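Numbering of ligands and ligand atoms starts at 1, following listing order. Quantities reported herein were computed from a predicted structural model and do not represent experimental measurements.
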Amino acid sequence: MHRQEEAKGLRKGWIIASVFLALMLVLSACGGGQKTGSESDKNVLRVGTDAAYPPFEKQEGSGEITGFDIDVIKAIAEAEGLKVQVEHTGWDGLFEAVDSGKVDAGISAITITKKRKKKYDFSEPYFEAKQLILVPNDSDVSSLKDLKGKKIGVQSGTTGEIVVQKAFGKTYEGIRGYDDTPGAIDDLVIGRVDAVVADNGVVLDYMKKLPKGKFKTVEDNSFEPEFYGIMVKKGNKEVLDKINSGLKKIQEDGTFDEIYKKYFGQDS
Ligand code: ARG
């Protein structure tokens, strides 16, 4: 009786000890993992983008993401002694990725708007843009209001969509929302939509690539200046400060102007 109980007690002790040990191991592994994680995170700026908006961002055949924005964020990171890791998230995916912390920042020709500012923080503006209408060359459209009754392609969730909704109402049946801008342009080319409204830099870039003489651009004086900013999660001051500091450095040392010239052929 006595010996049996002693054995039981011993076994119990062993079980408790090994459970304790296992727990310690798990805890230390977690703690260790977290530590190296946040340590390396601090040196790597994880950036999301919708890499389908040339010349700001695009994905090359090889999968490499390039463009004006990418050069800008790389230069900012370099100025701050950070490594940068750029990933294609898509447009809606970009906002989600910033929300969830999957990326530290988003650079994607993102217009700083009042609405977006409620949920995100933005760097100092780094680029000025405007909406621009793209139509077939023989189109009779010469202003935004001429698009009334026509099918208009926009990228969903962009300021292009907003200006069209403002002009014709949120439920305007002619509006066609696309996941990305190239999708809208493709449909314009095959005549499925009558016009595309998007940022001027992108529309002008497409003008160079589309068949010569087949398309034209139309401005509208209701289009207001827009300013692009680099987006972080609201309150992420640590990352935002670094981005703003790096942006300032590259604007002051001429790097920004060099990048600007490379893509737009003149001084910013
Ligand atoms: N500037 C516009 C906006 O903020 C369009 C940006 C779209 N960017 C992109 N990479 N698809 O709504």
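- Heavy atoms of Glu161 come nearer than 4.0 angstrom to ligand 1 in no pair at all.
- Taking 4.0 Å as the cut-off between side-chain N and carboxylate O, Lys150 and Asp194 do not count as a salt-bridged pair.
- In the model, Tyr53 has no side-chain atom that pairs as donor or acceptor with a side-chain atom of Asp69 under 3.5 Å.
- The protein heavy atom nearest to atom 6 (C) of ligand 1 is Ala109 O, 3.2 Å.
- Counting protein heavy atoms only, atom 10 (N) of ligand 1 is closest to Ser108 OG, 2.8 Å.
- Less than 4.0 angstrom separates some heavy atom of Arg116 from each of these atoms of ligand 1: 3 (C), 4 (O), 12 (O).
- In this model, a donor atom of one side chain and an acceptor atom of the other lie less than 3.5 Å apart for Gln131 and Asp199.
- Of the N and O atoms on the side chains of Asp50 and Gln155, at least one donor lies less than 3.5 Å from an acceptor on the other residue.
- A salt bridge does not link Glu78 to Lys83: none of the charged side-chain nitrogens sits closer than 4.0 Å to a carboxylate oxygen.
- Taking every non-hydrogen atom of Ile110 and a distance limit under 4.0 Å, the qualifying atoms of ligand 1 come out as 4 (O).
- Interface atoms of ligand 1 facing Tyr228, defined by a heavy-atom separation under 4.0 Å, are 1 (N).
- Here Lys102 pairs with Glu87 in a salt bridge; the nearest charged N to carboxylate O distance falls below 4.0 Å.
- Under a 4.0 angstrom heavy-atom cut-off, Asp199 registers as being in contact with ligand 1.
- Looking only at distances, no side-chain donor or acceptor of Arg192 sits under 3.5 Å from a matching main-chain atom of Val189.
- For ligand 1, the atoms closer than 4.0 angstrom to any heavy atom of Glu57 are 10 (N).
- Between the side chains of Asp99 and Tyr120, a donor-acceptor pair is found at a separation under 3.5 Å.
- Nearest non-hydrogen protein atom to atom 12 (O) of ligand 1 is Thr159 N, 2.8 Å.
- The distance from ligand 1 to the heavy atoms of Gln155 drops below 4.0 Å at these ligand atoms: 7 (C), 11 (N).
- In terms of protein heavy atoms, atom 11 (N) of ligand 1 is closest to Asp50 OD2, 2.8 Å.
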